[in-house]
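Just so we're on the same page: letters track the sequence lines, and every chain starts at 1.
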Amino acid sequence: MSQLVDRRLSGKNRSAVNRQRFLRRFKGQIRKAVTEAVSGRKIGDLERGEKISIPSKDLSEPIFHHGPGGRRDMIHPGNKEFVSGDQVDRPEGGAGGGGGQASQDGEGEDDFAFELSKEEFMDFFFQDLALPDLVKKQLAAVPEVKRARAGFVSQGNPSNLHVVRSMKQAIGRRLAMASGPREALKEAQEALADLEDRGLGTSPEADELREEIERLKARVAAVPFIDTWDLRYANRVDQPTPSSQAVMFCLMDVSGSMDEDRKNIAKRFFMLLYLFLTKSYERIEVVFIRHHTVAVEVDEEDFFHSRESGGTVVSSALELMRQIVLERYPSQAWNIYAAQASDGDNWEDDSPRCREILSQGILPLVQYFAYVEIEAEEPQSLWHEYERVAAGSARFAMQRILTLADIYPVFRELFRKKVGA
Amino acid sequence: MEETLTPPSVTRQPLSESSEWTFELLDLYDREIGRVAAHYGLDTYPNQIEVITSEQMIDAYASVGMPVGYHHWSYGKHFLSTQKSYKRGQMGLAYEIVINSSPCIAYLMEENTLTMQALVIAHAAYGHNSFFKGNYLFRTWTDAEGILDYLVFARNFIAECEQRYGEEAVEDLLDSCHALMNHGVDRYKRPAKLSMAKEQMRQVEREEYLQSQVNLLWRTLPPREAAEQGRREDRFPPEPQENLLYFIEKNAPRLAPWQREIVRIVRKIAQYFYPQRQTQVMNEGWATFWHYTLLNHLYQEVKLTDGFMMEFLQSHTNVVFQPPFHSRMYSGINPYALGFAMFSDIRRMCEHPTEEDRQWFPEIAGSDWVKTLDFAMRNFKDESFIAQYLSPRLIRDFKLFAVLDDDQREKLEITAIHDEAGYRRVRQLLADHYNLGNREPNIQVWNVDVYGDRSLTLRHFMHNRRPLGESTPEMLRHIARLWGYTVKMESADENGDAQLVGVCEV
């Protein structure tokens, strides 16, 4: 006879290893696809999986097979009007007709698409950025937690033993366990008293009752004062604690010299800062300011994708940011972070002004200000002025970026602070 | 067990009304189906029916139903693609996943209705199972008792190699072996049976022996003149060999013992699945015929409700649908459709033969259908089964026609259709279509330059002038990885004139 086995709970994720092997083998293609996916995403939208497709010919498993040509006999079903000896044209590259090849060629060309989980996606995202492992772990993990009380449980750590609760429990148990014998005891005592009243204190029944009373007294006395199952422990659970709200300013130079590649690096830079912030704050607003000679606040789409030409006046963006902070984000209610990306160009006379605004107008208001110069040739006046700012403030970080791996050092200070906190 | 003894007329009451399954109901249905199967004389291995989740089912698909498998990226890939089409609703996961083992393991997916579970039990646990136990190919080529142990041995061995020699090294080797899987079978020789205990015992012994053999082959250098002569006259191997993996396992000069063992594992597994590939139409047809017959029998005993039958028939009809060649859904002949139609047709010829049947199949017409079907199941493979049993009536029903595609002619020619003049040709060509030897290029080990650069020459024997496909250079790279020296490929036409079609230098 057949044997029925319920296998549903065992052997889950049996192919997890094979999946890892698959991802490892095609990491080159997958990383490329991830890079593309990242450029299509919004800054705040990094922490989810992604549908990835890679060309299926890259992952074919070859076998020997026949190529086109030669002489082939084929059998097909569903004849309608053919009779023996008919000559028919070869079907054009595909569907049905006499061409049996069609069925094989029809599909193969599609891309092979599959879903990366959130973790896998983040992993590929981080790979280029050369993040230290500890940081990766912190970023990928759930936000910081706080231990919160959550009632009482019957098992726990001795240090969490809750004495009052445990004693209450013991009282209840003692009452419950002793009540039966106590009642019987009371009845026996009454019966004995009744017998003694009637002068039968020495009768065998009275002796029996006395024995019974002793036995019941012993039983009551045997109920332990406190027992292991009375113990109650204070329960604590992890509650995520995003502390409060933050606003992140993204400042970017969009003058003609910022090409798509540079913008893409800048985007990674902004994304990484955003990720750091999501770990600490419950609510994050993002303000995008782009500038050439004048600065404007724009939405994300315009920020990354529109292009302007003309000169560069960085102070315009700093001014605008300061203005927005003062109007909308009072620094006592908001944690303010700013990230600025540029190729280093600035109008010569403007740079000292930038330093001034930054060190006097902005740094006192913000938590952190990070500046990156992307693929700049020689440090120019702006860089030198900013170096002076950096020397005077721990809230300011700057970095010249050639590859994606250069981004992380900008955040090193920021991150260290967070670990320490 | 009482049900089996009670005559059906007494318990004229459905087994259940609801479409939700429970373990008790599965057990009841299984017993009922088993009773009817026994009534028709189906002989099966013991069944182990496992209830699994859809994820586990996809997993089973990805590993071709092997309950234990070694790790390889390609299984991950198949998992992902199966998962994708399942999520899109392009395919149901219900049939097919059952391999020839004892006990025979069949999978039921938890989210299916009771009807589907009963269908799968009938299809896999009684249909396929009896086919595995009865068909001569499975009986001679595979060992149902030993396969599970062997798979465990294979997985452990490969995992151990990964630890010792690195995952990448093992993966590269497996890639190359997998590429040659179709050329790793003995088509005519009978293989030894597999078993884990024997394998383990013999493995060490074999390693040493093999290595010494290989070295011997390469060490014995005859004197120079003899070598020059030998160059022209002797070939090694003296006869061409069709089993490329076997040849590589035994003779590749540069493989380490553990690599030879892995080649052998892949070869053994390929050999194990070879009968499956040769009996697709028969196996699926047989299983489909029996789920249809068994459940209809139960319905006639009024053990199944009308609702059950509606759902069952809907599913059954989808499975045996054959789109015509001009349909968008057409992708060749559906083995379920052809196999089911053929077995049903044999039964029809037994029970209600026509004049035509008497003429074409005098020994079948009017015979006992259960015995005739049983004989057909036991003694044929797809190719011979079609050549033997495809009736004119079915050729008409399917409206089969033959097309000749000759690259030397401008147009395709319809060479035969479903009429009196065409039946035999259509039948022969369809049978040829299921001859694996015709479907896959015939490639043999032709020569090894033993005295020279040790290059390996393979020869492709062309059939009807059909050339090799575009994968050949990549395949040669895989073979060269195993062989360790240059690999050449020649194509020989029907006159025996060979032309070099590819070289992979190492």
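- Closest heavy-atom contact between A:Arg90 and B:Arg409: NH1-O, 3.0 Å.
- No part of B:Ala125 comes within reach of chain A, as not one of its non-hydrogen atoms sits under 4.5 angstrom from that chain.
- Neither the backbone nor the side chain of B:Ala62 comes within contact range of chain A; no heavy atom of the residue lies under 4.5 Å from a heavy atom of that chain.
- Proximity of A:Val5 to B:Gln48: side-chain heavy atoms (C-beta onward) are separated by under 4.5 Å at one or more points.
- With a threshold of 4.5 angstrom between heavy atoms, A:Phe114 approaches chain B through side-chain atoms but not through N, CA, C or O.
- Checked against A:Arg71 for a side chain to side chain contact (heavy atoms under 4.5 Å, CB included), the options B:Asp405, B:Asp407, B:Asn464 give a single hit: B:Asn464.
- No hydrogens or angles considered: a donor-acceptor pair under 3.5 Å links the side chains of B:His418 and A:Asn79.
- Residue-environment remark: CD (A:Gln155) stays at or below the threshold of 12 foreign heavy atoms within 6.0 Å.
- Proximity of B:Glu171 to A:Arg24: side-chain heavy atoms (C-beta onward) are separated by under 4.5 Å at one or more points.
- One distance of note links CZ of A:Arg8 with CG of B:Leu108; it measures 10.5 Å at 0.5 Å rounding.
- Within the 4.5 angstrom heavy-atom criterion, no atom of B:Leu338 approaches chain A.
- Contact of B:His433 with chain A is not made at all, since no heavy-atom distance falls under 4.5 Å.
- Atom CD1 of B:Ile49 sits about 4.0 Å away from atom OG of A:Ser2, to the nearest 0.5 Å.
- When B:Ile121, B:Ile52, B:Leu468 are compared by the number of non-hydrogen pairs under 4.5 Å with chain A, B:Leu468 comes out ahead.
- A salt bridge between B:Asp59 and A:Arg19 is absent, with no side-chain N of the basic residue lying under 4.0 Å from a carboxylate O of the acidic one.
- Salt bridge B:Glu167/A:Arg21: present, at least one basic N to carboxylate O contact under 4.0 Å.
- When side chains are defined from C-beta on, A:Gln87 does not count as touching B:Glu410, because their heavy atoms never get closer than 4.5 Å.
- Contacts of B:Phe79 with chain A are made by side-chain atoms alone, with heavy-atom separations under 4.5 Å and no backbone atom involved.
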(request) Take B:Lys411 and A:Asp86, measure what salt bridge (charged side-chain N to carboxylate O under 4.0 Å, His left out) needs, and give me the verdict at the end. (result) CA-CA 10 Å; B:Lys411 293 194 170 197; A:Asp86 275 2; over 6 Å; no
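- Using a 4.5 Å cut-off between heavy atoms, B:Asn182 contacts chain A through its side chain alone, with no backbone atom that close.
- Taking the six-membered ring for Trp, A:His76 and B:Tyr330 have ring centres closer than 6.0 Å.
- Annotation: maximal heavy-atom pairing with chain B below 4.5 Å, among A:Asp89, A:Ile75, A:Asp73, occurs at A:Ile75.
- Only the side chain of B:Ile479 comes within contact range of chain A, judged by heavy atoms closer than 4.5 Å.
- For B:Gln322, the part lying near chain A is the side chain, with the backbone staying farther off; criterion is any non-hydrogen pair under 4.5 Å.
- B:Glu440 touches chain A through its backbone: at least one of N, CA, C or O sits under 4.5 Å from a heavy atom, while the side chain does not.
- If you measure heavy-atom distances from B:Ile333 to chain A, the contacts under 4.5 Å come from the side chain alone.
- The shortest non-hydrogen separation linking A:Phe64 to B:Ser471 is CA-OG, 4.2 Å.
- Of all the listed residues (B:Ala421, B:Pro324, B:Gly469), the one sharing the greatest number of non-hydrogen pairs under 4.5 Å with chain A is B:Gly469.
- With a 4.5 angstrom heavy-atom cutoff, B:Pro323 touches chain A only via backbone atoms.
- Between the CH2 atom of B:Trp73 and the CG atom of A:Leu59 there is a distance of 6.0 Å, given to the nearest 0.5 Å.
- Heavy atoms closer than 4.5 Å to chain A are found nowhere in B:Met329, neither backbone nor side chain.
- At a threshold of 4.5 Å between non-hydrogen side-chain atoms, the residues A:Pro62 and B:His478 count as touching.
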